[in-house]
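For reference, the structure is listed below as structure tokens.
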Amino acid sequence: QKEVEQNSGPLSVPEGAIASLNCTYSDRGSQSFFWYRQYSGKSPELIMFIYSNGDKEDGRFTAQLNKASQYVSLLIRDSQPSDSATYLCAVNDQAGTALIFGKGTTLSVSS
Amino acid sequence: EAGVAQSPRYKIIEKRQSVAFWCNPISGHATLYWYQQILGQGPKLLIQFQNNGVVDDSQLPKDRFSAERLKGVDSTLKIQPAKLEDSAVYLCASSPTGTGSPLHFGNGTRLTVT
């Protein structure tokens, strides 16, 4: 059974701080890694994707991938109250099947 | 480009009744997915289509759930008969291909079974 694990939180950070969200996955053959943001009552929206080891930056967001440790993280710099949401980690295996999602981490940014 | 369209947005039914959901993917997207998201959990794949063929339906409860994608475009998901534990949001998503591409989600259908 392929699994994606996330700490459900809630993760609470003050406005302006760095939020660090972590995810581990069980399938060593996984190839593609995604972070989705989901506001309450809304559908998931793509924030970032990463395919190679290392860091990928997009504005205030940085995705980090370490395939040897089967670990992917999302850093949110200068956190804003509007970043308060559930963040879903998703993994796609080498067979090209559908994304497997974690349960999500709830982030709360206080002003 | 227009996003993934789903209907209805909300549905309330009694247990043992039937219900159907509709999805129209982004134009040109060959791969279509139905996910079930129970409150407090991540989306769980029910079925994946590539054009009008089924790629993965291993987690679809086939005794009560069925899905089709005629002509490789829009899709319907049906539940018959519904159980209380089917209460969830049903998300349709599409992607250009099935390998490594990000999924684009519709707004979902919130189903309540009483």
Side-chain angles (χ1 to χ4, degrees), chain A residues 1-10 21 23-27 29-52 56 58 61 63 65 67 72 74 85-106, chain B residues 3-7 9-10 21 23 25-26 29-51 53-60 67 69 75 88-112:
Chain A
Q1 179 79 7
K2 299 172 185 175
E3 294 184 340
V4 177
E5 299 286 344
Q6 295 182 257
N7 187 324
S8 61
L21 305 160
C23 171
T24 59
Y25 57 94
S26 62
D27 183 5
S30 298
Q31 295 292 314
S32 307
F33 308 86
F34 303 84
W35 284 100
Y36 283 81
R37 177 176 61 198
Q38 187 172 31
Y39 291 114
S40 180
K42 303 294 185 181
S43 60
E45 57 178 328
L46 180 70
I47 296 177
M48 291 192 70
F49 56 90
I50 186 168
Y51 301 143
S52 303
K56 179 181 179 182
D58 183 2
F61 300 94
L65 174 62
K67 289 187 177 181
V72 59
L74 179 70
T86 295
Y87 289 80
L88 298 164
C89 173
V91 173
N92 177 261
D93 70 20
Q94 60 184 348
T97 55
L99 295 186
I100 301 169
F101 285 84
K103 292 185 177 181
T105 297
T106 300
Chain B
V4 177
Q6 287 189 249
S7 67
R9 286 299 309 277
Y10 306 93
F21 313 127
C23 172
I26 293 173
H29 281 195
T31 309
L32 184 148
Y33 312 80
W34 284 102
Y35 281 85
Q36 179 194 59
Q37 187 173 24
I38 293 173
L39 187 65
Q41 298 185 18
K44 184 186 87 170
L45 178 72
L46 291 175
I47 190 166
Q48 176 186 354
F49 293 96
Q50 178 82 13
N51 297 309
V54 175
V55 174
D56 183 357
D57 65 355
S58 58
Q59 298 187 86
L60 187 73
R69 190 184 185 196
S75 175
V89 175
Y90 291 84
L91 295 163
C92 179
S94 68
S95 68
T97 68
T99 305
S101 299
L103 272 59
H104 301 265
F105 284 91
N107 289 326
T109 296
R110 182 177 298 277
L111 173 67
T112 302

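Since we're looking at a predicted model, the values are computed, not measured. Each chain gets a letter, A, B and so on, in the order the sequences are listed, and its residues count up from 1.
Contact annotation for Y51(A): only side-chain heavy atoms (C-beta onward) come within less than 4.5 Å of a heavy atom of chain B. Heavy atoms closer than 4.5 Å to chain B are found in the side chain of Q38(A), but not in its backbone. Contact annotation for L88(A): only side-chain heavy atoms (C-beta onward) come within less than 4.5 Å of a heavy atom of chain B. Heavy-atom distances place both the backbone and the side chain of L103(B) under 4.5 Å from chain A.
Judged by the 6.0 Å distance and 45° axis criteria, K42(A) is not positioned over the aromatic ring of F105(B).
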Item to check | Audit row: Y39(A), R37(A), side chain to side chain contact (heavy atoms under 4.5 Å, CB included) steps and yes/no | outcome: CA-CA 7 Å; Y39(A) 291 114; R37(A) 177 176 61 198; 3.5 Å; yes
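For the atom pair CZ of R110(B) and CG of L91(B), the computed distance is 9.5 Å after rounding to the nearest 0.5 Å.
For the ring pair (Phe, Tyr, Trp, His ring centres under 6.0 Å) test with F21(B), the passing option among Y90(B), Y35(B), Y10(B) is Y90(B); the others fail.
Checking side-chain atoms of Q6(A) against main-chain N and O of C89(A) turns up a donor-acceptor pair under 3.5 Å.
Per-residue counts of heavy-atom pairs under 4.5 Å with chain A were compared for G108(B), G40(B), P43(B); the largest is that of P43(B).
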